[in-house]
Every structure is written in structure tokens, then in C-alpha cells.
Number of protein chains: 4
Amino acid sequence: MTKEAKFARTKKEKLIFDAALKIIKEKGFHQARMSDIAKEAGISYGLVYHYFKNKEDLFETILNQWWGGLFDILEGLRNSRTDVREKLGKIVQYYLGTYHRYPELVTIFITEISRSSTNLTPERLKKFMKLMSRTDAVMTEGQKGGLLRKDVKPRYLTYIFLGALETFISAMVLVDQSLTKDSQVGRLADAILDVFMNGAKSG
Amino acid sequence: MTKEAKFARTKKEKLIFDAALKIIKEKGFHQARMSDIAKEAGISYGLVYHYFKNKEDLFETILNQWWGGLFDILEGLRNSRTDVREKLGKIVQYYLGTYHRYPELVTIFITEISRSSTNLTPERLKKFMKLMSRTDAVMTEGQKGGLLRKDVKPRYLTYIFLGALETFISAMVLVDQSLTKDSQVGRLADAILDVFMNGAKSG
Amino acid sequence: MTKEAKFARTKKEKLIFDAALKIIKEKGFHQARMSDIAKEAGISYGLVYHYFKNKEDLFETILNQWWGGLFDILEGLRNSRTDVREKLGKIVQYYLGTYHRYPELVTIFITEISRSSTNLTPERLKKFMKLMSRTDAVMTEGQKGGLLRKDVKPRYLTYIFLGALETFISAMVLVDQSLTKDSQVGRLADAILDVFMNGAKSG
Amino acid sequence: MTKEAKFARTKKEKLIFDAALKIIKEKGFHQARMSDIAKEAGISYGLVYHYFKNKEDLFETILNQWWGGLFDILEGLRNSRTDVREKLGKIVQYYLGTYHRYPELVTIFITEISRSSTNLTPERLKKFMKLMSRTDAVMTEGQKGGLLRKDVKPRYLTYIFLGALETFISAMVLVDQSLTKDSQVGRLADAILDVFMNGAKSG
DNA sequence: TATGAATGAGGGTTCATTCAT
DNA sequence: AATGAATGAACCCTCATTCAT
């Protein structure tokens, strides 16, 4: 089952979805105009409202696309026996992998949600907090298992880990770098993880 | 010379500046209304235009306040002989110290600029790139001096370092945590730096 | 010949008609949406256009249903030899009787047409004027026959008579009162007529 | 204190108020467009929103103008010792007098409120019910004092009285009749009252 | 300096109507 | 007959900016 199957019941819906993705990435949530999206999708203005209740609904659909996949991953980590590094690797892979196929989706998440408190409805904050606490759990588990240092709060490790990961991606966005090969994705994931685990220090 | 002196030629100007800071933090750049800012400042909205050319000008002034201080620090690092860790510490201190005194300013920078490509005018992108390359230089220097690992591109180290730092702060913003004591600032700075340098791994 | 037969050539047509009646009563002419009507009728909204040219046509059909019956009555009064009170009684009975069977139809007539100049197309005004002049004729006849006072213009008597009648009904609508028994209708008709003829004064 | 003083704090407000009155009379509440009102008032679109929060607020202001005066009258009747006929006369005079000076205001009340259940918000229904019960009280008092017949419910008398009055006026509106002389107002009032009290019957 | 009235270009949303299937 | 996707003209409301006082 592809990711698209989750939301795109019709071809037009997918068309609008992708157009919205592009426009929001360019202009941000608030600046994205419905008319821009319609034009980008090559359809009439009113048709957007045929498929989505309103702007908010369209945006929520987009975000849920991201959150859905992410929570699937996080859920999978809960009962998994793999070690911390591998678990964090799964998270990195979700970010990078999704960026590989849906660059705009990841960009929107990072720039419009992960940071901007402006767009944080209570509903969104709740999801965000869930991401944090799930990652915390991985960190705590790592500390208990003796793999992660105990002198730093798990929440702080979460901040640093996710921050490194997200900024990495958003910086790539700025210079419009795309991940065209799967090997690239793997190497980047390793770099991020390795620096997080072993530090930037040499030796 | 105080930071205020750089821009606040008059008391009213400072009043507007601070009001804008607060409103932009709450609502974001685009959502911040001039009338909100005027109301917050306790003046008529016509007067804002007496002191600032327009919305853009007001926002640019605010951002320059941040950039000015940051570039002062980065400039100071160029010819300094201190080691890498200390140099990065200076950057961390600028972020945290400014957050201590001007929480909104740092928040705005991180949420509205550092990530959001939406607000990136060419002018702003230039400044952003300068921050990147200056930090790159520190990393490169660290690699040459044998202090930083050489198997990761300096630019990548920059991403990870700044990302960890910025997300740390923006996450604190979300939970509305403030840094009331200088000792807190120091400890946080150490934690961030230590994890960046030595990694999250125990032992 | 039933009233329905006048317009409802098909079952679907009747379905739409009744749905429109209900929706218009609830929301008024302009606020009634074609989609509401279709949904109420349980059909697709495209089909409404198969049976009625457009919104205006549908509404006109509804109003003609009312006017048709009313003019039948009024026509019957022209050459009738019955006295004034009985003639006015026939009018009252048409209003109350139709309200009994088609509450919405009467409501719509009173609220959307009888009063509101908003919805008055020249066509409708013409019909309205016809009602007035026909009632005038009854009043004039009553004056000539010595049954009605001559010191008040027939037109004024018409205003007062129809006004009392219509407000009576529209007020009942407000409190959602329905006429479930024929005896009720008769009593109400008597009350209205009696007050109109003999006045509210005691004795 | 003039009626205008109650609402029109500024000249522009009055300008908008009068323009709205005219447009609403012509098109009805829902069909009245803010742009029409602005154009009619000879001002820019946005200025309407400077003086009135929104369409609803503007319309409410207009209706309160009517209700305010009417309730003043009704309140005055409560403790008054004058007889029923005179009390009802006061009500008639308020309607006709206001129509004399503000034809649109009365028209709007009758066509858009008194009848149309479409526009009846709970707030408005409350006011409407107050009018009814206050008039009921006058009728009841008349019955107790032996002046009005007791075989008809007070509420029914209210319906007939107000209905006659309102239809009288709305019919005048239809034929665009205006009351230019005060003497006309008095004579009409007498006619309505006399028919209501003594009936249409001759002798 | 200071005020807030005034302007008008947008942008979100609704809904009657058409039309391909 | 029947469906509902598709269109686009309206219409409400916001808000940056200007300007007379």
C-alpha cells in the first residue's frame, strides 16, 4: 500500500494534494492561497472545495500524511528489541526517505510545524508532543541499557537529535539539494547518527 | 554600546520595536498585524509609519538586531586563537544569552528565518549563508587542528551543530521555558556542546 | 382534481416540490439552496434541473400552487350571492384550510410574498394586486349592501382584514402551532371573522 | 433627544445607517450587500467596517433603533391609567409616526422581522415575544375593565390588532404611499383603531 | 509628533448552474 | 433519467498604507 492510498481517493484529490504541497512549500501555510493551489492543480477555484472542506481541512490532510507515517514508525519502535542506534536510524530513515520521495512534505513539517509555534493548534501540539515523548522513550531506554550517557536528560538528547536531523534537512532545502540516490540517503543517515552518537570530536 | 542603541533612536521607536517583537513571536511574521503592534505599543497605528517605513522595514530592523550581534560574535571568532570548543561555545552563548534577555528575538529568528524558506528574501538568504560559512570555517579549523573528526564534511557538522542548538531553544519556547539564571544558561550551553563534541554515547 | 395534479406530472416532481416547500419555509427563498432541496428530496441536485428550469422556476411553481387555489376561490365569490361575511369566511377558510394541509405553502406565501417587497417581481405584484382588488370588491359590495360601514375605504378594510388573517397565521407559525382538527379551523375562522365584523369591543 | 442621537455618534455612522436602511428595504436583509450600502453611502467599502463590526452588527443596530423606540412606548403603557383604546392608539402612532419619518425602518421591521421566521435569531425572537406579551397585557386589561370582549383570547386579539396594523403599513409600502401630513397619520390611526374596536360592520 | 478616518486590493468561501457520463 | 464533478461569479471581511487634521 503506497502512502498515496491513505488519502487520495481520487485522481483529482491527489492533484490538489500535490499542488498544495508545492504551494505551501513555496509560500508557507498562511501565505498559500487557495487560488494558487487551484491554478497549480490546473482546476477551477471551486473544485478544491469539492474535495476539501476548506483550507484548514486541506492542510490538515497534508500534515496527517506526514504524521501517519511517522507514528507508524514510532509505534513499531516501541516493542522492538533493536538497539538504540538502530531505532534512531529508523527515525532518520523516515525523515530522509520521505524527503527523497516527498521533499515538500518534509519541508512543510519542519518549517511550518516543527518550529513555528504560529501554526500550532492544540491538536497539532498534541501530535508534536507525542513525537517528543516517543523519542524520549528511546533515549531513556538507551540510558537504561547503558548505551547512552546518563548525565544529560533524555528530553535534551531528543532536542539535540531531532534538531540536528531537522536542520540538516531544512538546510538542504535551502540550497535545493535533493537526494537522488538511495545510497546517498544511507550515507547521510550514517553521518547524522554517527555524529550524534560519537560526537564531532576526532579520535 | 547597548544593543538598543543600534536602532532605538527614540523611546517610541524602542516601544514599537518591543511590541513588534512580542506580536511577531505570538503570531509570526505574516500574521502580525500593524494594528496589533501599535495597540501593544499603546500608540496609534499611523505613528508606526512615522518611525518605520512599512511592515517590511520594521521586520528588517528586528532581524538586523539579531544578525548584528551574531556577526559581531562571528567576526570576533575569525582572528581568535581560542580552540574550537570555546568558539562554538561563544555561538551557543550568543543564542542562549540573547534568549535570556530577548526571548522573542531568538524565537523569531529560529522560527521565522532559520527554517522558513517562506520569508527568505535574497537579502536574508545572504545573511543566512554567511552564518553557515562562518561556522563552516570554525569546523574546518577544528578539523585541521585535529580536534574535529575529518570523516564528516564541515558543512554537515555545521548543520548538526546549529540544528541541535536551534531546536533546543525552539523546543524550550514551546514549553514556555525561560532561562532565569545565568547559571542555567551556562549549564545548558555545556550540555549542548558536550553532546555535540563527545556524542550521546556513554563512556 | 387534487391540488397536486395541477403541477406534479411525475412522482419525482412532487418529491422536489415538497422538499422545496420545507426548505424554503425553514430558510426563506433566497437562503434556500438547491442542494438543500435536492438532499431533502433524496436525489442528486443535477436532477432538480431536469424537472425545473432553475431556482426561480421552482419557486414560481410553488407560488402558483398557492395563487391558483386562491384565485379559484376568489373567482367563485364574484358571481356568488352569499353575503359578505360568508364570502370573507371563504377566504379565511382557504388560508386556514391550506395551512392545515400545506402549512409551508401558506407560510411561504405570507412571509416571503405577502409582505416582503424584496421578492416582488412585477409578475408577483400583479397577482398580489389582483388579490387586493378582488377583496376590495367584496368589501365594496358589503358597503353597498349596507352590511359594512361606509366611513372607511374598502381598500382599508381589505388591509385590515387580510392583515389580521395573515398575522394570525404567521404568529401561529412562530409558535409552531398546527391545526390538527377541522373543528379548530372552524373556530379560529369564526373568531377572526367575528372580531373583524363586530370589533374587539365588548357588548 | 432625537432618535438619531441614540445610535449615530458620528455623521458617517448616520450616513451608513441611512444607506443600509435604504438598501435593506429594497433587497431585504440577506440580499443587501455591504458593497451596495457603501456605494449608497458614498464611502469606501472598508469604512463600513470601521463603524460597524460586520453585517450582523449593522443590521442589529438598525433593528435596535426600532425596538428601542417601541419598547419605550410599551413601557410607558404599563403603568399608565389611560384606557385601552388610547393605549392601542399609542402603539399605532408609534408605527405610523416612525413610518412617517423613517419609512424604511418600519418596512424592514415588518417585512424582515415581524413575519420572516428566516431572520429570527433567538435574540430577535425574544424581542418579538416581548412585543406580543406587552400587547397581550393591554388586551387582558381591556377585558378585565369590561372594554374588550372576553370570548376571544387576548393573544388572538393581539394577533388581529398587530396584523391589521402591520399589513396596513406594508400594503402602503407596496403602492409606495407616504404619509406626508400629520393629519393623515391621525386619520389612518383612527380608522385602524375604530375598525378594530367596533368592527367593520355598519351601524 | 500624533491620531484614526479612509481606501481598496485581496483572499476565503458559497452556490446556482452546466455538462460529461 | 440520473449523477455529481466542474465552473466561476459573487460576497464578506481583513489589513497595509495613506492622509487630512
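Here is how names work: the chains are called A, B, and so on, in the same order as the sequence lines, proteins then strands, and each is numbered from 1. Source: prediction; values computed, not measured.
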TODO: Dot-bracket for DNA chain F, please, read 5' to 3', with Watson-Crick or G-U wobble pairs under 3.5 Å on both distances, ( ) within the strand, [ ] crossing, | other strand, . unpaired.
DONE: .||||||||||||||||||||
Between [X] ([atom1]) and [N] ([atom2]), how many Å, whole number?
X: Tyr51(B); N: dA16(F); atom1: OH; atom2: C1'; result: 20 Å
X: Phe29(A); N: dG11(E); atom1: CZ; atom2: C1'; result: 17 Å
X: Lys11(C); N: dA1(F); atom1: NZ; atom2: C1'; result: 16 Å
X: Lys39(C); N: dA2(F); atom1: NZ; atom2: C1'; result: 18 Å
X: Phe52(A); N: dG12(E); atom1: CZ; atom2: P; result: 15 Å
X: Lys12(A); N: dG4(F); atom1: NZ; atom2: P; result: 16 Å

Qualifying residues under salt bridge (charged side-chain N to carboxylate O under 4.0 Å, His left out), relative to [X], sequence neighbours excluded:
X: Lys27(A); result: Asp36(A)
X: Lys22(D); result: Glu40(D)
X: Glu104(D); result: none
X: Glu56(A); result: Arg124(A)

TODO: Report the distance from atom CG of Asp18(D) to atom CD of Glu13(D), rounding to the nearest 0.5 Å.
DONE: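 One gets 11.5 Å once the value is rounded to the nearest 0.5 Å.
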TODO: Would you check if Tyr49(C) and Asp57(C) make a side-chain contact, meaning some heavy-atom pair closer than 4.5 Å?
DONE: no
Open item on the list: What I'd like to find out is whether the side chain of Phe29(A) reaches to under 4.5 Å of the side chain of Ile108(A), using heavy atoms alone.
Closed with: yes
TODO: Starting at the 5' end of nucleotides 13-21 of chain E, put B wherever the base has a protein heavy atom under 4.0 Å, S where only the sugar-phosphate does, and a dash everywhere else.
DONE: BBSSBB---
- [ ] When you get a sec, tell me which of dA6(E), dA1(F), dA2(E) is the closest nucleotide to the side chain of His50(C)?
- [x] dA1(F)
Open item on the list: Using a 3.5 Å distance criterion without hydrogens, assess whether the side chain of Lys55(B) forms a donor-acceptor pair with backbone atoms of Ala32(B).
Closed with: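 At least one qualifying donor-acceptor pair exists.
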Task: Result of checking Ile16(C), Ile24(C), Leu63(C) against Leu58(C) for side-chain contact (heavy atoms from CB on, under 4.5 Å) - done: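 Among the candidates, only Ile16(C) passes.
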Task: Upstream residue (5' side of DNA chain E) when Ile43(B) and Val48(D) are each assigned their closest nucleotide - done: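 By nearest-heavy-atom nucleotide position, the 5'-most residue is Ile43(B).
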